[in-house]
K.L.:
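Sending over a structure as structure tokens; questions will come in a sec.
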Amino acid sequence: MSPPRDQTRFDVVVAGSGAAALTAVLTAATGGLSVLIVEKSDRIGGTSAMSGAGTWIPANHLARAAAVADSAEETMRYFRAASPDGWEADEDALWRAFVANAAPMLEFVEQHSPLRYELIDEPDPQAEQPGGKMFGRMVSPRPLSRRIVGRYARRIRRSTLPHIFSYREAHGLDPYNHPIRAYGGLAPRLIWRWLTDTRGCGNALVTGLLKGCLDAGAKLLLGARVVGLVQRPDGRVAGVEVQHDGARHSFAAARGVVLATGGFEWNAALRETHFAGPLDRLGSPDTNEGDGQLLAERAGARLERMDQANVYPTLPTRYDGRLHGMPATFQSAPHGIVVDRTGRRFVSEYDYNLGEALDRRDASGAPIHLPAWLIGDARCVGRHLAFRWYARKERGWVRHAPDLASLAGAIGVPADALAATVARFNGFCAAGRDADFHRGESAWERYKSANRDGRKRNPTLAPIERAPFVAVPLNRSILGTKGGARTDDRGRVLRADGGVIPGLYCAGNAMANPIGTRALGAGTTIGPCMTWGYICARDMLGNAPP
Ligand SMILES: Cc1cc2nc3c(=O)[nH]c(=O)nc-3n(C[C@H](O)[C@H](O)[C@H](O)COP(=O)(O)OP(=O)(O)OC[C@H]3O[C@@H](n4cnc5c(N)ncnc54)[C@H](O)[C@@H]3O)c2cc1C
């Protein structure tokens, strides 16, 4: 619902319509506040609508019902053990706030929207660390018909991923590696979904959240960009300036403004400042240009974690008429390895946090491994139907050569080093163990290679020996940056001197994220995004107008 023309005063204005924004709106509107959602794009849901909606919620009620033992204490142990060195000192208070609010948030969302979640059989990527879990923290929404949001159904942002599947089905049946099994096995169900406009993953997430928000009375303005914050002389943020339909409008927000405008990956200047060096592709909507970060900075906020991002391998695809990144772990191929510009391996190719390794920097902030390459033999990606389908979208992306020396020459990697790396890897394959990076040995990597109990011969190790050889560039692709306004544990934006900017909140990828490039779970962007939206709104509900 758009606001009536004369309605310019609200309790809360939320910029953006992704998971962080809509969870804030649902919480605030259900609590009785009048809320306006301002979305820059003409489509609803941002990156969240495109996402798999794999959602990491420790000690959640579904796990409890399934008798999975988990607790806030265990989760905090995991945070401390699995996060990068030095982060605990800065992030402990925010980790605690997330851990305390994540599970209540999920229950709240189920109670006040049509969303229903299911547990996903996926371990923590660092399950061996203290407090890590093999099962119970990953959840995702069950599919929903987009028709429940009426005329907005056609405005829900489409994904590059096949959202005809739920996250659970996509991970159980793996349509990327086994398209015939996945589509064929579920054919009647998928046809029914197509006929009823039912979708899973991020489209289900945004449909369900939006329905809850509209039912609770929230108003929505599409194609409207927040371009300024109304700030009183005492520093309090009391509303927003919005560019809409060629004119500038003011909306007052008595309780506060939430900036949930996503990352800044589409802002070339900001991106080149914080992520200089080779970039493969972006995976989010092009409206994520860092508006929230810049608005907060202008209001006096301290920006932090600007060099953090969701870095993930992508395949080339087309979206909105141009090349775009579709997340896919195509580099996890038995007959392939990833080498850096010196021709050496630097990470296990099956590591969930491969993106963190690709983004490793030197003291000046420059990437130390890039450009990086997936190197394989004829069996690596060449026989793979889905890979070939996407590879055709970017001409010249995959390089072929009859031998490794010519391949090295074609990509500018030292031939001796590449030959030595491949020989060493082939030796590991013969021995059945990767002595350098333990590929296929961690709980996550065993899970992903269908070798859960580790009893099979390591299926991730297969030699690179058959011509033609292939090289595929594998640099950073960014699904969303994770830096922005530093907030306190109530989601309130902080100034450089540590004081609070009254009335200004920030959530999701627009905030300085307490979980950065290193993911702690496969859903540690969506889970925290939603939880921070919930935390901001809960604070506003307890914050009467001055
Ligand atoms: C294909 C894909 C799959 C993914 N799968 C997962 C997954 O399974 N699990 C997971 O945890 N993460 C996943 N991610 C990452 C995750 O989707 C994002 O990190 C997350 O959705 C970010 O949410 P957000 O609410 O912060 O921002 P977004 O969802 O990006 O929403 C931001 C919105 O703000 C709007 N906006 C920007 N500027 C303004 C302005 N000035 N005024 C008004 N509106 C503005 C934008 O148009 C956008 O709609 C995936 C990402 C991609 C691309």
Side-chain angles (χ1 to χ4, degrees), residues 13-24 36-57 120 122 138-141 155-163 167 170-171 200-202 205-206 209 221-229 240-244 257-267 281-295 309-312 314-315 317 319 324-328 477-482 484 506-511 513 515 519-530 532-533:
V13 175
V14 178
S17 66
L22 293 183
T23 312
L36 175 65
I37 312 164
V38 183
E39 167 54 54
K40 176 175 170 181
S41 159
D42 61 359
R43 277 165 291 165
I44 304 163
T47 324
S48 309
M50 301 178 74
S51 78
T55 306
W56 194 77
I57 304 290
I120 304 299
E122 211 170 25
M138 280 297 288
V139 297
S140 190
R155 298 291 191 143
I156 306 282
R157 180 175 284 286
R158 293 340 187 217
S159 181
T160 48
L161 299 171
H163 278 185
Y167 186 91
H171 284 260
C201 296
L205 171 67
V206 167
L209 285 175
L221 208 51
L222 283 180
R225 181 180 192 172
V226 175
V227 290
L229 296 173
V240 294
E241 298 283 332
V242 172
Q243 193 71 31
H244 178 54
V257 170
V258 184
L259 296 173
T261 49
F264 60 80
E265 56 280 358
W266 285 91
N267 180 322
R281 286 168 281 275
L282 302 177
S284 59
D286 63 5
T287 43
N288 285 12
E289 295 173 291
D291 294 2
Q293 287 80 348
L294 297 173
L295 289 164
N310 191 345
V311 180
Y312 206 81
T314 64
L315 289 169
T317 189
Y319 186 75
H324 203 92
M326 184 190 83
S477 280
I478 298 181
L479 305 187
T481 59
K482 299 185 84 176
C506 194
N509 280 2
M511 70 191 276
N513 261 270
I515 303 172
L520 302 190
T524 45
T525 45
I526 293 284
C529 281
M530 295 177 72
W532 285 105

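If you're wondering where the values come from, they're calculated on a predicted model, not measured in any experiment. Note that ligands are numbered from 1 as they come in the structure, with each ligand's atoms numbered from 1 the same way.
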K.L.:
Which protein non-hydrogen atom lies closest to atom 45 (C) of ligand 1, naming both residue and atom, and how far is it?
P.N.:
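Answer for atom 45 (C) of ligand 1: K40 CB, 3.5 Å.
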K.L.:
Check for a donor-acceptor pair, side chain of Q293 on one end and backbone N or O of G484 on the other, with a separation under 3.5 Å.
P.N.:
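Answer holds: no.
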K.L.:
For ligand 1, indicate whether the residue C201 contacts it via side chain, backbone, both or neither (heavy-atom separation under 4.0 Å).
P.N.:
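The answer is neither.
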K.L.:
Taking the side chain as everything from C-beta on, heavy atoms only, tell me whether E122 gets closer than 4.5 Å to Y167.
P.N.:
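With C-beta onward as the side chain, the pair touches.
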K.L.:
Measuring from non-hydrogen atoms of G527 to any atom of ligand 1, is the shortest distance under 4.0 Å?
P.N.:
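Heavy atoms of G527 never come under 4.0 Å of ligand 1.
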K.L.:
What atoms in ligand 1 come closer than 4.0 Å to a heavy atom of A20?
P.N.:
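Every atom of ligand 1 under 4.0 Å from some heavy atom of A20: 25 (O).
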K.L.:
Report yes if the side chains of V226 and D291 come closer than 4.5 Å at any heavy-atom pair, otherwise no.
P.N.:
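A side-chain contact is absent here, since even the closest heavy-atom pair is not under 4.5 Å.
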K.L.:
Who's closest to atom 23 (O) of ligand 1 heavy-atom-wise, of S48, G508, G18?
P.N.:
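Ranked by closest heavy atom to atom 23 (O) of ligand 1, first place is S48.
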K.L.:
Going through the checks in order, is the side-chain contact (heavy atoms from CB on, under 4.5 Å) test met by L205 and M530?
P.N.:
CA-CA 11 Å; L205 171 67; M530 295 177 72; 4.0 Å; yes
K.L.:
Among the heavy atoms of C529, does any lie under 4.0 Å from an atom of ligand 1?
P.N.:
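In this structure, C529 qualifies as a contact of ligand 1 - some heavy atom is under 4.0 Å.
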K.L.:
Determine, considering heavy atoms only, which of G262, G283, A170, S51 sits nearest to atom 50 (C) of ligand 1.
P.N.:
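Minimum heavy-atom distance to atom 50 (C) of ligand 1 goes to S51.
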K.L.:
Please step through side-chain contact (heavy atoms from CB on, under 4.5 Å) for the pair N267 and L294, ending with a clear verdict.
P.N.:
CA-CA 11 Å; N267 180 322; L294 297 173; 4.0 Å; yes
K.L.:
Run the numbers for me: atoms of ligand 1, each under 4.0 Å from some heavy atom of G45, listed by number.
P.N.:
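It comes down to these atoms of ligand 1: 29 (O).
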K.L.:
When you measure from atom 10 (C) of ligand 1 to every protein heavy atom, which one gives the shortest distance, and what is it?
P.N.:
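I find the closest protein heavy atom is T525 OG1, 3.0 Å.
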K.L.:
Less than 3.5 Å apart, any donor N or O on the side chain of T47 or N288 sitting next to an acceptor on the other?
P.N.:
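Looking only at side-chain atoms, N288 and T47 do form a donor-acceptor pair, the distance falling under 3.5 Å.
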K.L.:
Identify, by atom number and element, the atoms of ligand 1 in contact range of A19, meaning under 4.0 Å from any of its heavy atoms.
P.N.:
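Atoms satisfying the 4.0 Å criterion: 25 (O).
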K.L.:
Keeping the roles fixed (side chain from W266, backbone from P285), state whether a donor-acceptor pair exists under 3.5 Å.
P.N.:
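Side chain of W266 to backbone of P285: a pair is present.
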K.L.:
Is there at least one pair of N or O atoms, one from E39 and one from ligand 1, spaced under 3.5 Å apart?
P.N.:
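For ligand 1, there is an N or O atom that lies under 3.5 Å from one belonging to E39.
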K.L.:
In ligand 1, which numbered atoms sit nearer than 4.0 Å to a non-hydrogen atom of R225?
P.N.:
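Selected atoms, number and element: 41 (N), 42 (N).
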K.L.:
Between T55 (side chain) and I526 (backbone), is there a donor-acceptor pair under 3.5 Å?
P.N.:
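Checking the backbone N and O of I526 against the side chain of T55, no donor-acceptor pair under 3.5 Å is found.
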K.L.:
Going by heavy atoms in the side chains, are N310 and I478 under 4.5 Å from each other?
P.N.:
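A side-chain contact is absent here, since even the closest heavy-atom pair is not under 4.5 Å.
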K.L.:
Would Y167 count as being in polar contact with ligand 1, using the rule that some N or O on each side must be under 3.5 angstrom apart?
P.N.:
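Y167 vs ligand 1: no N/O contact under 3.5 Å.
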K.L.:
May I ask whether A224 has any heavy atom positioned less than 4.0 angstrom from an atom of ligand 1?
P.N.:
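A224 counts as a contact of ligand 1 under the 4.0 Å cut-off.
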K.L.:
N/O of I526 under 3.5 Å from N/O of ligand 1, yes or no?
P.N.:
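For ligand 1, there is an N or O atom that lies under 3.5 Å from one belonging to I526.
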K.L.:
Does any non-hydrogen side-chain atom of T261 lie less than 4.5 Å from one of L295?
P.N.:
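No; the side chains remain at least 4.5 Å from each other.
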K.L.:
G52 heavy atoms, cut-off 4.0 Å: which ligand 1 atoms fall inside?
P.N.:
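With G52 as reference, the close atoms of ligand 1 come out as 3 (C), 4 (C), 5 (N), 6 (C), 7 (C), 8 (O).
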K.L.:
Report the residues that fulfil side-chain contact (heavy atoms from CB on, under 4.5 Å) with H244, sequence neighbours left out, ordered by chain and then residue number.
P.N.:
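L221, A224, V242, H249.
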K.L.:
Answer yes or no: does an N/O atom from A510 fall short of 3.5 Å to an N/O atom of ligand 1?
P.N.:
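No; the residue has no nitrogen or oxygen that sits under 3.5 Å from a nitrogen or oxygen of the ligand.
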K.L.:
Give the residue, atom name and distance (to 0.1 Å) of the protein heavy atom nearest atom 43 (C) of ligand 1.
P.N.:
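Result: V38 O, 3.2 Å.
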K.L.:
When you measure from the side chain of N513 to the backbone N and O of M511, does any donor-acceptor pair fall under 3.5 Å?
P.N.:
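Judged by distance alone, yes, a pair lies under 3.5 Å.
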K.L.:
At a 4.0 Å threshold, what atoms of ligand 1 neighbour a non-hydrogen atom of G46?
P.N.:
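Those of ligand 1 that fall under 4.0 Å from G46 are 29 (O), 31 (O), 48 (C), 49 (O).
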K.L.:
Heavy atoms only: which of L282, T55, D291 lies closest to atom 40 (C) of ligand 1?
P.N.:
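Of the listed residues, D291 has the closest heavy atom.
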K.L.:
Does the N or O separation between T47 and ligand 1 drop below 3.5 Å for any pair?
P.N.:
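Yes, at least one N or O pair falls under 3.5 Å.
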K.L.:
Answer yes or no: is there a side-chain heavy-atom contact under 4.5 Å between K40 and E289?
P.N.:
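Sidechains of E289 and K40: in contact.
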K.L.:
Quick check: does P327 get an N/O under 3.5 Å from an N/O on ligand 1?
P.N.:
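It does not: no N or O of P327 is found under 3.5 Å from an N or O of ligand 1.
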K.L.:
Look at atom 39 (C) of ligand 1 and find which of N509, I37, T261 reaches it with the closest heavy atom.
P.N.:
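Minimum heavy-atom distance to atom 39 (C) of ligand 1 goes to T261.
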K.L.:
Against heavy atoms of A522, which atoms of ligand 1 measure under 4.0 Å?
P.N.:
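Those qualifying, in numeric order: 9 (N), 10 (C), 11 (O).
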K.L.:
Could you tell me which atoms of ligand 1, counted from 1 in the order shown, lie closer than 4.0 angstrom to a heavy atom of N288?
P.N.:
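Near N288, meaning under 4.0 Å from one of its heavy atoms, ligand 1 has 30 (O), 32 (C), 46 (C), 48 (C).
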K.L.:
Do NZ/NE/NH1/NH2 and the carboxylate oxygens of E39 and R157 come within less than 4.0 Å?
P.N.:
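A salt bridge is absent here (no side-chain N lies under 4.0 Å from a carboxylate O).
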K.L.:
For A49 and ligand 1, answer yes if some heavy atom of the residue is under 4.0 Å from a ligand atom, otherwise no.
P.N.:
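False for this residue.
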K.L.:
Can L161 and M50 be said to form a side-chain contact (heavy atoms from CB on, under 4.5 Å), step by step?
P.N.:
CA-CA 7 Å; L161 299 171; M50 301 178 74; over 6 Å; no
K.L.:
For G54 and ligand 1, does the shortest N/O to N/O distance drop below 3.5 Å?
P.N.:
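Indeed, backbone or side chain, G54 has an N or O that close.
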K.L.:
Hey, is P285 touching ligand 1 through its side chain, its backbone, both or neither, going by heavy atoms under 4.0 Å?
P.N.:
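Under 4.0 Å from ligand 1, P285 contributes no heavy atoms.
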K.L.:
If the condition is side-chain hydrogen bond (donor to acceptor under 3.5 Å, both in side chains), which residues does S477 pass it with, not counting sequence neighbours?
P.N.:
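Applying side-chain hydrogen bond (donor to acceptor under 3.5 Å, both in side chains) to S477 gives T314.
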K.L.:
With the side chain counted from C-beta on, respond yes when N509 and E265 share a heavy-atom pair under 4.5 Å apart, and no when they do not.
P.N.:
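They are not in side-chain contact.
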K.L.:
For S51, is there any backbone N or O sitting under 3.5 Å from a side-chain donor or acceptor partner on H163?
P.N.:
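It does hold such a pair.
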K.L.:
What is the closest protein heavy atom to atom 42 (N) of ligand 1, and at what distance does it sit?
P.N.:
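Minimum-distance protein heavy atom for atom 42 (N) of ligand 1 reads V226 N, 3.0 Å.
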K.L.:
Taking both backbone and side-chain atoms of M50, is any N or O found less than 3.5 Å from an N or O belonging to ligand 1?
P.N.:
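So ligand 1 has no N or O lying under 3.5 Å from an N or O of M50.
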K.L.:
Check whether any N or O atom of R43, backbone or side chain, sits under 3.5 Å from an N or O atom of ligand 1, and answer yes or no.
P.N.:
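No, no N or O pair falls under 3.5 Å.
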